[in-house]
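Lettering of chains follows the sequences in order, A, B, ..., and the numbering in each one begins at 1.
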Number of protein chains: 2
Amino acid sequence: MGKQMTEMLKGTLEGLVLAILAARSAYGYEITARLREQGFTDIAEGTVYAVLVRFEQKGLVDVEKVPSEKGPPRKVYSLNPAGQQYLDEFWRTWSFLSERLGQLHEGGR
Amino acid sequence: MGKQMTEMLKGTLEGLVLAILAARSAYGYEITARLREQGFTDIAEGTVYAVLVRFEQKGLVDVEKVPSEKGPPRKVYSLNPAGQQYLDEFWRTWSFLSERLGQLHEGGR
DNA sequence: ACCACTATTCAGTGTTACTATCTACCGGTA
DNA sequence: TACCGGTAGATAGTAACACTGAATAGTGGT
């Protein structure tokens with residue numbers, strides 16, 4: 001999708017994935033697929049896994065290994081209270097930025 | 001403002017500054033001051049200058065040195081057609097992301 | 001002579017997403 | 001058996017970006 005999207009995803013991809021997990025627990029492959037469905041066709045698989053590893057290291061998610069009928073076992077991630085708090089903070093930050101940019105976008109025409 | 005804002009600014013700070021320049025030409029110190037007025041109190045001065053250098057290297061702006069009554073000469077930056085095009089692309093990218101995140105934010109409550 | 005304000009530059013650091021590749025498990029087919 | 005496509009995850013190396021912290025420099029006022 002271009003270099004601008006790549007840079008813009010830094011800082012928002014985390015929130016994107018957290019928001020998906022907030023709706024319901026999921027595993028990496030599934031999250032990638034859902035992002036692709038929503039139009040983020042260029043997000044690399046490896047990138048999503050890296051995000052999930054970071055979440056685990058920061059203690060924002062709980063992990064459970066679940067055997068799969070097709071393929072190797074899945075690592076199912078679910079948001080814990082710390083993750084929910086982190087997500088709340090993300091929304092506050094994003095709202096602030098979104099508001100300012102929205103004003104600039106309107107004012108510029 | 002926190003680490004989340006720092007990361008979220010990657011990719012959006014460029015657009016922020018471009019949008020400011022689209023409204024009218026400006027120099028670095030002035031841009032920093034305007035950002036601070038708008039609530040971006042934690043954006044480092046050095047960061048803004050780095051953005052402007054990148055713009056110059058990419059050929060998105062025209063530069064003019066103007067003597068100042070107070071202090072050293074100013075480098076006044078103005079958006080050129082390439083910069084305007086880059087800004088248009090930024091808005092398209094941001095709109096896409098903003099729409100998706102907006103949906104997730106609404107759906108999550 | 002000193003200080004506060006204005007104005008720009010730069011080296012070094014940490015975080016992040018991408019690329020590319022590798023491992024591994026399963027079912028179906030030749 | 002041997003192979004392949006789809007599912008699932010891990011990892012080393014790279015590029016881009018914002019921040020920290022400091023340095024440099026010009027002007028006016030005390």
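Remark: C1' of C/dT15 and CD of A/Q57 are 13 Å apart, rounded to the nearest angstrom. Rounded to whole Å, the distance from OH on B/Y86 to C1' on D/dA16 is 10 Å. Distance B/K65 NZ to C/dT6 P: 20 Å, rounded to the nearest Å. In this structure, A/I31 atom CD1 and C/dA17 atom P are separated by 14 Å, rounded to whole Å. If you take CG of A/L9 and P of D/dA15, they are 20 Å apart, rounded to a whole angstrom. For the pair B/F40 CZ and D/dC19 C1', the interatomic distance rounds to 16 Å; values are reported in whole Å. Between the P atom of D/dA18 and the CD atom of B/E14 lies a distance of 6 Å, rounded to the nearest Å. Per the geometry, CZ belonging to A/R74 stands 12 Å off C1' belonging to C/dC25, to the nearest Å.
Nucleic acid contact for A/L52: none, since no nucleic acid atom lies under 4.0 Å from a heavy atom of the residue. If you check every strand for non-hydrogen atoms under 4.0 Å, B/V51 touches sugar and phosphate atoms only. If you check every strand for non-hydrogen atoms under 4.0 Å, B/E45 touches a base.
Mapping A/E7 and A/K75 onto DNA chain D by nearest heavy atom places A/K75 closer to the 5' end of the strand. Checking A/P72 against A/G46, the closest nucleotide of DNA chain D that is more toward the 5' end is the one next to A/P72.
Listed nucleotides: D/dT7, D/dT20, C/dA17. Nearest to the side chain of A/K70: D/dT7. Checking C/dT16, D/dA18, D/dT7 against the side-chain heavy atoms of A/Y29 singles out D/dT7 as nearest. Checking D/dA10, D/dC17, C/dC18 against the side-chain heavy atoms of A/T47 singles out C/dC18 as nearest. Distance from the side chain of B/K58 is smallest for D/dC17 among the nucleotides D/dA18, C/dA7, D/dC17. Of the listed nucleotides (D/dA8, D/dA18, C/dA7), C/dA7 has the atom at the smallest distance from the side chain of B/Y27.
Contact annotation: B/S68 side-chain N/O to C/dA7 OP1/OP2 distance is under 4.0 Å. Distances shown here put every side-chain N or O of A/Y49 at or beyond 4.0 Å from the OP1 or OP2 atom of D/dA10. Here A/R54 reaches the OP1 or OP2 of C/dT16: one of its side-chain N or O atoms lies under 4.0 Å away. When the side-chain nitrogen and oxygen atoms of A/T6 are compared with OP1 and OP2 of C/dA17, none of them lie within a distance under 4.0 Å.
Under 4.0 Å is where a charged nitrogen must lie from a carboxylate oxygen, and between B/E89 and B/R92 no such pair does. The pair A/E14-A/R54 meets the salt-bridge criterion, with a side-chain N (NZ, NE, NH1 or NH2) lying under 4.0 Å from an Asp/Glu carboxylate O.
The base of D/dA16 is paired with the side chain of A/K10 by a donor and an acceptor separated by under 3.5 Å.
The aromatic rings of A/F96 and B/F40 stand perpendicular to each other, their planes meeting at an angle above 60°, with 30° marking the opposite boundary. Ring orientation note: the planes of B/Y86 and B/F55 are nearly perpendicular, at an angle over 60° on the 30°/60° scale.
Across A/I20 and A/R34, no two heavy atoms sit closer than the pair CG2-NH1, 3.7 Å.
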Check against side chain to side chain contact (heavy atoms under 4.5 Å, CB included), B/L104 and A/W91
CA-CA 10 Å; B/L104 275 171; A/W91 284 130; 4.3 Å; yes
